[in-house]
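Okay, structure first, notes after.
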Amino acid sequence: MAHALQLAARGLYTTHPNPRVGCVITRNDQIIGEGWHQRAGTPHAEIHALQQAGPAAQGATVYVTLEPCSHHGRTPPCAAALIQAGVARVVAAMMDPNPLVAGSGLDQLKQAGIVTETGLMEAEAHALNPGFVSRMTRQRPWVRLKTASTLDGKTALASGASQWITGEAARADVQHWRARACAILTGSGTVLADDPRMTVRDFDTGRQPLRIIVDSSLRTPPSAAILPALIACHHADPHAQAALEAAGAEVVVLPGAEGRVDLDALLDLLAQRGINEIHVEAGATLNGALLAAGRVDEWVAYIAPFGLGDHARGLFAMPSVSALADAARFKLADVRQIGDDLRLTLRPR
């Protein structure tokens, strides 16, 4: 199963909107077939492994990181293929959270006389697909917030200058998070201040994530480097909208309270479009709004070992809490040094 998980990870940047899945087929403790899902619309991991194993798959044991599918999607169901191949045993790391499967794949295998087991290395399998699981069980994507700050929690000088807070190694490391995301989310303030492209570099993904701008009053200029992108606004000015659409943008109106974009409505929309993981690179306003709304599922914080002082810009623009018990609290999932900087991966408590 550990090897199947390693195979699944090869699809980390390419399987969107499908989950990352690996499969290993064994006979007499020898691997006779293996595979992983590479891209939506192409054969699933089990099919690759069965093709490699050939007739030897009859009576073999199959290790797969996600329950075999039981429905016709872009490809035929894998459960039927395993039954047809005559395998004797299927070990799945986790059940498929997709309501179209959700146990029915394993049930079909059992009804065909195949021994089934689940739960082996389940946590590791889940960790490969947090976005897919989130979209299937919560109907919203997994939101991963990336920040880069100094040791005293500052992201830029009072003037707004921020290049570069972290070192070259940390900036290169960020490309990994962008590459695995289905979408990259930022705010109009970041677009106006930095004119970023928000693209993936140095990774051969065969695609670019959807770029999304939260822009309440459509301040994004049609010449912005980030375009084409999806722009979520509170209210649309017809002239501004037409100019942005001519530049390749898609504008959606999602009015929320106090003249802001309804972030929950945006997450709902993105889930409906098959977005699993969202990578957020934004300023203090959007960061604060997401944190205050409890919509940060994971926080990747790069910290540079120096300080900028009281008047420098901070990480989150949000109301102060009146008691420590009301603070948003996180737990450390991972800590490591990246070049001269520190990278913390945190999850809400």
Side-chain angles (χ1 to χ4, degrees), residues 130-131 134 137-162 165-166 170 174 177 184-194 212-217 232-234 254-268 270-271 277-336 341-349:
S134 177
T137 59
R138 304 187 301 177
Q139 290 74 55
R140 63 181 178 89
W142 179 265
V143 176
R144 180 179 292 112
L145 174 66
K146 169 262 173 182
T147 62
S149 68
T150 60
L151 200 58
D152 56 348
K154 304 301 181 180
T155 62
L157 297 171
S159 65
S162 62
I165 293 290
T166 53
V174 170
W177 300 109
I184 298 175
L185 176 67
T186 193
S188 57
T190 298
V191 172
L192 292 170
D194 301 332
I212 309 165
I213 308 167
V214 174
D215 184 358
S216 296
S217 53
C233 65
H234 178 272
L254 301 172
E258 300 178 352
R260 295 188 173 189
V261 171
D262 186 332
L263 294 177
D264 279 343
L266 176 59
L267 294 177
D268 290 344
L270 295 173
E277 294 182 20
I278 298 177
H279 173 82
V280 181
E281 289 191 34
T285 300
L286 183 53
N287 288 349
L290 288 167
L291 188 63
R295 292 298 178 258
V296 176
D297 298 307
E298 187 173 30
W299 178 9
V300 179
Y302 294 87
I303 301 174
F306 64 94
L308 290 180
D310 289 347
H311 297 294
R313 299 188 180 186
L315 283 166
F316 300 101
M318 55 188 294
S320 299
V321 297
S322 57
L324 287 175
D326 298 328
R329 294 185 178 272
F330 288 78
K331 58 184 177 182
L332 285 168
D334 184 73
V335 181
R336 63 185 66 194
D341 304 312
L342 198 63
R343 188 187 78 192
L344 309 182
T345 305
L346 307 107
R347 303 276 174 81
R349 285 193 179 277

Give a yes or no on this: more than 12 heavy atoms of other residues, nucleotides or ligands lie within 6.0 Å of atom CG of Asp334.
->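 Enclosed.
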Taking CG in Leu324 as the centre, count heavy atoms belonging to other residues, nucleotides or ligands within less than 6.0 Å. Is the count above 12?
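Atom CG in Leu324 is not packed in, count stays at 12 or less.
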Quick one: are [X] and [Y] in side-chain contact, heavy atoms under 4.5 Å?
X	Y	answer
Pro141	Leu267	yes
Val191	Thr186	yes
Phe330	Val296	yes
Ile303	Ser149	yes
Val300	His279	no
Trp299	Leu291	no
Ile165	Thr150	yes

Is there a donor-acceptor pair under 3.5 Å between the side chain of [X] and the backbone N or O of [Y]?
X	Y	result
Ser216	Arg260	no
Asp152	Gly309	yes
Asp297	Arg144	no
His234	Gly256	yes
Thr345	Ala333	no

* From Leu344 CG over to Arg336 CZ, what is the distance, rounded to the nearest 0.5 angstrom? ->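 Here the rounded value is 11.5 Å.
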*Could you state the interatomic distance from CG (Asn287) to CD (Glu281), rounded to the nearest 0.5 Å?*
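Asn287 CG to Glu281 CD: 10.0 Å, rounded to 0.5 Å.
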Can you name the closest pair of heavy atoms from [X] and [Y] and give their distance?
X	Y	value
Ser322	Asp326	OG-OD2, 3.9 Å
Ala304	Asp341	CA-OD1, 3.3 Å
Gly131	Trp142	CA-CB, 3.6 Å
His311	Ala158	O-CB, 3.3 Å
Ala232	Leu266	CB-CD1, 4.1 Å
Leu286	Gly187	CD2-N, 3.8 Å

Task: Test applied, salt bridge (Lys or Arg N to Asp or Glu O under 4.0 Å); reference residue, Glu298; option that passes from Lys146, Lys331, Arg347 - done: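 One option only clears the test, and that one is Arg347.
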Worked check of side chain to side chain contact (heavy atoms under 4.5 Å, CB included) between Leu270 and Leu185:
CA-CA 11 Å; Leu270 295 173; Leu185 176 67; 5.9 Å; no
_Let's go through Thr155 and Thr147 carefully: what are the C-alpha distance in whole Å and the side-chain angles of both, what is the deciding distance for side chain to side chain contact (heavy atoms under 4.5 Å, CB included) to 0.1 Å, and is it a yes or a no?_
CA-CA 8 Å; Thr155 62; Thr147 62; 5.7 Å; no
Let me see the working for Arg295 and Leu263 under side chain to side chain contact (heavy atoms under 4.5 Å, CB included), right down to the final yes or no. CA-CA 9 Å; Arg295 292 298 178 258; Leu263 294 177; 5.8 Å; no
